[in-house]
Amino acid sequence: MIKEKLAAIKKNIPPNVTLVAVSKTKPNELIEEAYNSGQRIFGENKAQELKNKAEVLPKDIEWHFIGHIQRNKVKYIAPYSSLIHSIDSIKLLAEVNKQGLKNNRIINCLLQFYIATEETKFGLSLEEAEELLTSSEFLNLKNIKIVGVMGMASFINNEEQLRNEFIRLKYIFTQLSNNFFKHTETFQTISMGMSGDYKIAIEEGSTMIRVGSAIFGNRN
Ligand SMILES: *Cc1c(COP(=O)(O)O)cnc(C)c1O
């Protein structure tokens, strides 16, 4: 079942788009099923859950952290996360850097942007990101690398509005790319699109989609 669902999604996405299988709340058995179908990138949004799964599941899985995280929990994911999608402050980034240093690694990160119209979504504005990227504190962080941007669109069915939100994130990416990462080939990820909207996100330039329920079924 999972195998068919993965194959159906893969058929819809071009080769330059990375699929993150969002396995939050799902048991290891289902993750293994996806793994045995060839999937290697999984997304989690709770620090302890990511750690628990990473410790027992195959070591060649790339674990992405996609949720809001408190600074005191970064230590749980630092040894295991190949990409943290949800950086929304310099303080959080400094903590990721500190834990990267402790684990003797450089942790790839995305800046999360607020693109939805809903009040509840986390994320930076373009102005806040520019401030972060020009701060002296940022320039001293050697154990993190910013490799792109992430955003969550509104939970709505209005295609035009979703499209506009994705266009906004693509615009933010282009601005940052031109103004801060011109000579940085590794700044290339636009993480946008979920089960309900990934096709629109890809049309608007997504390079990484985060798909949960369309693979693993609905969550409780
Ligand atoms: C849960 C989650 C997803 C996946 O959502 P689905 O609608 O199940 O595909 C994607 N991104 C983030 C940040 C999430 O928390």
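In what follows, every heavy atom counts, from backbone to side chain, and hydrogens, waters and symmetry copies are set aside. Start at 1 and go down the list; that is how both ligands and their atoms are numbered. The structure displayed is predicted, hence computed values, not measured ones. The first residue in the sequence is number 1, and the count goes up from there.
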Out of all atoms in ligand 1, which are within 4.0 Å of some heavy atom of [X]? Include the element for each.
{"X": "Met150", "result": "13 (C)"}
{"X": "Arg219", "result": "1 (C), 5 (O), 6 (P), 8 (O)"}
{"X": "Arg210", "result": "4 (C), 9 (O), 10 (C), 11 (N), 12 (C), 13 (C)"}

Would His85 count as a contact of ligand 1 if the rule is a heavy atom under 4.0 Å away?
no
Only heavy atoms count here, so choose which of His68, Met194, Lys24 is nearest to atom 14 (C) of ligand 1.
Lys24
Under 3.5 Å, is there a donor on one side chain and an acceptor on the other for Ser195 and Ser213?
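Yes, a side-chain donor-acceptor pair sits under 3.5 Å.
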Short side-chain donor-acceptor distance under 3.5 Å, Glu32 and Asn36:
no
Give me the atom names and distance for the closest heavy-atom approach of Ser86 to Leu92.
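Heavy atoms only, the tightest pair is O-CD2, 3.5 Å.
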Would you mind checking which non-hydrogen protein atom is closest to atom 9 (O) of ligand 1, with the distance to 0.1 Å?
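Result: Ser195 OG, 2.5 Å.
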I need the nearest protein heavy-atom contact for atom 12 (C) of ligand 1: residue, atom name and distance, please.
Ile66 CD1, 3.5 Å
Strictly below 4.0 Å, N to O, side chains only: are Lys53 and Glu49 in salt-bridge contact?
yes
Salt-bridge test for Glu204 and Arg163: reply yes if a basic N is under 4.0 Å from a carboxylate O, no otherwise.
yes
Any N or O on Asn45 sitting closer than 3.5 Å to an N or O of ligand 1?
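N/O-N/O distance under 3.5 Å: no.
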Under 3.5 Å, N or O to N or O, is Gly212 touching ligand 1 that way?
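Min N/O separation from ligand 1 is below 3.5 Å for Gly212.
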